[in-house]
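First the structure, in the form of structure tokens, and then the observations on it.
For ligands, and for the atoms within them, numbers begin at 1 and follow the listed sequence.
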Amino acid sequence: MKHSLRSFTPTLCRAMGVPLPKLAKVDPYLDLSNLKTNITKALLFCPDAFGNHALKKLPELHQSIKESSTHEVELLSIFPPITPVCFASLFTGATPEEHGILHYEKPVLKCDTLFDALIRAGKKVAIVAVKNSSIDILFRERNLDYFSMDYDPLVSVKALELLSQNKHDVIVVYHQEYDDLLHDSGLFSELAVKALEHHVASWKLLVREASKAWKQNFLVSFTPDHGGHIDSKNGFGDHGEDSPEDMELRHFFYIK
Ligand SMILES: [Zn+2]
């Protein structure tokens with residue numbers, strides 16, 4: 001059986017030596033037990049809807065991500081592959097039934113999350129996200145630093161500022177341009193492809209700047225939530241179905 005998004009939280013907790021949040025019961029999807037480093041810092045980059053469908057269509061982008069990675073993991077999203085359902089599972093290890101988000105809604109999660117586990121372990125956490133996105137809202141009301149920005153480039157600016165200040169142990173960085181444009185202009189419209197290119201460029205920039213700030217004993221993850229397919233009714237992009245296009249993902253890690 002393939003791994004799912006639920007394995008991300010156990011993987012990160014194991015890598016950082018942090019006890020798991022309560023609903024994270026699945027195994028890690030990446031065995032980091034033979035790492036020579038003890039990971040103390042992490043930057044988690046979440047480019048929305050950047051699924052394996054895009055890597056298959058644009059192999060040059062896949063290659064470019066791999067050039068700035070040390071590990072690649074094949075996995076499946078969680079059903080239904082819709083942003084808040086997926087990020088809730090990614091950052092809790094829980095099923096949708098357990099975390100309670102079963103369709104498109106953005107409540108503040110009351111269950112135990114990765115961020116609660118990190119805070120209990122004494123880690124300083126920052127979430128930098130586009131204002132009113134799922135990641136901006138779902139994990140509120142915790143003792144961590146929230147930064148709500150107008151759009152992806154300003155999210156990146158804030159993330160770089162936080163890296164240079166080096167006050168946080170875990171920084172979440174959320175971008176949404178591709179998910180926006182696949183719905184509004186088509187799965188691989190010229191603008192949607194540009195958005196994918198922007199996400200890859202951001203990944204490379206974040207890896208480079210995290211390396212400068214943290215030097216070693218850190219990881220950077222490329223952790224999208226779901227893919228997408230062409231809606232036969234209108235020809236635009238969509239997601240939310242139990243299909244390979246929507247469900248198949250690759251996660252990447254740069255670990256040093
Ligand atoms: Zn999404």
Discussion item. For a distance under 2.8 Å, tell me if Thr83 has an N/O/S atom near the Zn ion (ligand 1).
Written reply: yes
Worksheet entry | Angular separation of OD2 (Asp225) and OD1 (Asp48) seen from the Zn ion (ligand 1), to 10° | 90°
Worksheet item: Is His226 close enough to the Zn ion (ligand 1) to have an N, O or S atom under 2.8 Å?
Response: yes
Response to the item:
Restricting Asp179 to its N/O/S atoms, the closest one to the Zn ion (ligand 1) is OD2
Practice prompt. With the side chain counted from C-beta on, respond yes when Trp214 and Leu163 share a heavy-atom pair under 4.5 Å apart, and no when they do not.
Written response: yes
Fill in: Steps toward ring pair (Phe, Tyr, Trp, His ring centres under 6.0 Å) verdict (Phe222, Phe50)
CA-CA 10 Å; Phe222 182 101; Phe50 202 138; 5.2 Å; yes
Worksheet item: Per the side-chain contact (heavy atoms from CB on, under 4.5 Å) rule, which among Val85, Thr83, Thr92 passes with Ile101?
Response: Val85
What donor-acceptor contacts under 3.5 angstrom involve side-chain atoms of residues 56-63, with partners at least two apart or in another chain?
unit_1: His62; atom_1: NE2; unit_2: Glu72; atom_2: OE2; d: 2.8

